[in-house]
Amino acid sequence: MPANRPLIPLERIERAIHVIREQKVLLDADLAALYEVETKVLVQAVKRNRERFPNDFMFQLTPAEFTNLRSQIATSSQWGGRRYPPFAFTEQGVAMLSSVLRSKRAVQVNVEIMRAFVRLRQLLSSHADLERKIKAREEKYDARFKIVFEAIRELMAPPEVPPKKGRIGFGPPETSPPE
């Protein structure tokens with residue numbers, strides 16, 4: 001493999017990063033797929049070395065967080081059959097995983113993951129810089145440009161989560177509350 005070609009596409013890693021409890025994390029199943037090991041092997045290695053993973057490196061999702069995450073991802077086949085909520089690894093937890101898994105691939109994958117985290121920080125930083133510049137311009141110009149600045153802010157805002165759809169299929173007719 002050429003030295004300049006990444007082992008895993010950066011976009012694949014970035015898609016696997018979630019924000020949970022206001023932290024950017026990777027889930028155990030996603031990491032296992034990247035490392036090309038079974039999820040249970042990864043979890044067992046972590047449990048054998050629990051002292052290396054304090055709560056700011058790794059935490060287990062609550063059942064509510066797990067349910068919410070599944071509904072956001074909109075695919076249950078990846079998570080089907082799990083008896084417990086997944087573990088979430090912060091950037092520091094991912095770095096610690098390479099010492100626990102002790103494989104050449106784990107080290108290479110961790111390098112790629114660290115690059116993805118750095119890239120995300122750079123993107124967030126540039127987004128904050130853009131927000132500051134817009135605010136400065138907004139204060140400088142009069143009300144005629146207010147609508148332009150509002151439109152730019154709308155474009156910068158994260159997409160809204162669509163409302164949940166109603167049930168599909170047959171069932172008893174819905175009844176109205178008595179009046």
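Remember, predicted model here, so these are calculated numbers, not experimental data.
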In sequence, state the C-alpha distance, the side-chain angles, and the governing distance for L31 and I113, and then conclude on side-chain contact (heavy atoms from CB on, under 4.5 Å). CA-CA 10 Å; L31 285 165; I113 292 172; 3.7 Å; yes

Pairing residues for [X] by the side chain to side chain donor-acceptor pair (under 3.5 Å) criterion, not counting sequence neighbours:
X   : result
R12 : none
E14 : R119
T67 : none

Out of curiosity, [X] [atom1] to [Y] [atom2], how far, rounded to the nearest 0.5 Å?
X   : Y   : atom1 : atom2 : answer
I13 : L26 : CD1   : CG    : 8.0 Å
D28 : L42 : CG    : CG    : 6.5 Å
I17 : D30 : CD1   : CG    : 10.0 Å

Using a 6.0 Å cut-off, check whether atom CD of E22 has over 12 heavy atoms from anything other than its own residue. no

Check: V118 and M114 side chains under 4.5 Å, non-hydrogen atoms: no

Side-chain contact test, heavy atoms from C-beta onward, threshold under 4.5 Å: evaluate it for L61 versus N68 and give yes or no. no

Contacts of R21 that satisfy salt bridge (Lys or Arg N to Asp or Glu O under 4.0 Å) - sequence neighbours left out: E65

Which pairs of donor and acceptor atoms, one on a side chain in residues 87-97, lie under 3.5 Å apart (sequence neighbours left out)?
{"from": "T90", "atom 1": "OG1", "to": "D56", "atom 2": "O", "distance (Å)": "2.9"}
{"from": "T90", "atom 1": "OG1", "to": "F57", "atom 2": "O", "distance (Å)": "3.2"}
{"from": "T90", "atom 1": "OG1", "to": "Q92", "atom 2": "OE1", "distance (Å)": "3.2"}
{"from": "T90", "atom 1": "OG1", "to": "G93", "atom 2": "N", "distance (Å)": "3.4"}
{"from": "E91", "atom 1": "OE1", "to": "R121", "atom 2": "NH1", "distance (Å)": "2.6"}
{"from": "E91", "atom 1": "OE2", "to": "R121", "atom 2": "NH1", "distance (Å)": "3.4"}
{"from": "E91", "atom 1": "OE2", "to": "R121", "atom 2": "NH2", "distance (Å)": "3.4"}

Let me check something: do Y84 and V46 share a hydrophobic cluster, defined by ILVMFWY side-chain heavy atoms less than 4.5 Å apart, either directly or through other members? yes

Between R50 and M58, is the side-chain contact (heavy atoms from CB on, under 4.5 Å) condition met? List the steps. CA-CA 10 Å; R50 186 66 176 110; M58 176 197 78; 2.9 Å; yes

Among pairs that include at least one residue of residues 31-41, which meet side-chain hydrogen bond (donor to acceptor under 3.5 Å, both in side chains), considering only residues two or more places apart or in two chains? Y35-N110, E36-R105

